[in-house]
Amino acid sequence: MPQRFWLFKSEPSVFSFDDLLAAPKKTTPWEGVRNYQARNTLRDGVKKGDGVLFYHSSCAVPGVAGLCTIAREAYPDPHQFDPKSDYYDPKADPADPRWLLVDVKADRKLREVVTLERIKATPALAKMDLLRRGNRLSIQPVTPAEWKAILTLGGA
DNA sequence: GCCAACGTTGGC
DNA sequence: GCCAACGTTGGC
């Protein structure tokens, strides 16, 4: 059992849970975190074996699509040093990398997407970070109780 | 260190 | 495409 739980947002038009299932070893580096708070969470909180809710954002039906585990803990994101990358950061210093990423492995798809609408309608999930006004963090902590409730709703 | 301007996120 | 909310930047 994972020790801690997180929610990672991704736009399915860019990278969906099915894309992750189709990836080699169902694993991908979680690219492009360029927010300091999210970076600090990756650095200080996210450990190998932790559970991840894969959340689809900016799409027709936002919601949790599947479950993942952390396959590799934080390491420097190579894209920050690549001038051709969208994630290039001219201020990043190879001797002191500014941005990190973790590897995420797909575990299983939920039988049905746990939609944002459903999360909002579920009292046990009323305190999820996701629902906090104006919260745009792409990486958020999830409590064990919330994790359990999402799994139940999703038919896992 | 303030704060206005600007860019991004993400639901709708 | 709109817009609210928030983060970042840069002039002073």
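By convention in this document, chain letters (A, B, ...) are assigned in the order of the sequence lines, proteins followed by strands, and residues within each chain are numbered from 1. Note: hydrogens, waters and symmetry copies are ignored here, and every other heavy atom, side chains too, is used. Just so you know, these numbers come straight off a predicted model, no measurement behind them.
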Colleague: Starting at atom CG of Asn35(A), determine the distance to atom P of dG7(B), rounded to an integer number of angstrom.
Modeller: 18 Å
Colleague: How long is the line joining CG of Leu137(A) and P of dG10(B), in whole Å?
Modeller: 9 Å
Colleague: By nearest nucleotide on DNA chain C, pick out whichever of Gly134(A) and Lys91(A) is the more 5' one.
Modeller: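 This one resolves to Gly134(A).
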Colleague: Does a side-chain N or O of Arg133(A) approach OP1 or OP2 of dA5(C) to a distance below 4.0 Å, or not?
Modeller: yes
Colleague: Rounded to the Å, how far apart are Asp89(A) CG and dT8(C) C1'?
Modeller: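 Interatomic distance, CG of Asp89(A) to C1' of dT8(C): 12 Å.
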Colleague: State plainly whether one hydrophobic cluster holds both Phe15(A) and Val102(A), where clusters connect Ile, Leu, Val, Met, Phe, Trp and Tyr through side-chain heavy atoms under 4.5 angstrom apart.
Modeller: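 Linked within one cluster.
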Colleague: Separation of His56(A) atom NE2 from dG11(B) atom P, in whole Å?
Modeller: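 Result: 12 Å.
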Colleague: Is it true that the side chains of Asp82(A) and Tyr87(A) contain a donor and an acceptor less than 3.5 Å apart?
Modeller: no
Colleague: Please determine whether a side-chain nitrogen or oxygen atom of Lys9(A) lies at a distance below 4.0 Å from atom OP1 or OP2 of dT9(B).
Modeller: no
Colleague: Whole angstroms only, please: what is the CZ-C1' distance between Arg98(A) and dT9(C)?
Modeller: 12 Å
Colleague: Answer yes or no: are there more than 12 heavy-atom neighbours, outside Asp86(A) itself, under 6.0 Å from its atom CG?
Modeller: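 No, not enclosed.
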Colleague: What's Ser57(A) touching, base or sugar-phosphate or nothing? Going by heavy atoms closer than 4.0 Å.
Modeller: sugar-phosphate
Colleague: Just the rounded figure in Å: distance from C1' of dT9(B) to CD of Glu11(A).
Modeller: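 So the CD-C1' distance, Glu11(A) to dT9(B), works out to 8 Å.
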Colleague: Can a side chain N or O of Tyr36(A) be found less than 4.0 Å away from OP1 or OP2 on dC6(C)?
Modeller: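 So the side-chain polar atoms of Tyr36(A) never come under 4.0 Å of the phosphate oxygens OP1 or OP2 of dC6(C).
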Colleague: In this structure, how many angstroms lie between the C1' atom of dG7(C) and the CZ atom of Arg39(A), rounded?
Modeller: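 The distance from CZ of Arg39(A) to C1' of dG7(C) comes to 14 Å, rounded to the nearest Å.
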Colleague: Among Phe17(A), Trp6(A), Phe8(A), find the residue that satisfies the side chain to side chain contact (heavy atoms under 4.5 Å, CB included) test when tested with Cys68(A).
Modeller: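 Only one option passes, and that is Phe17(A).
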Colleague: dA5(C) C1' sits how many Å from Asn135(A) CG, rounded?
Modeller: 10 Å
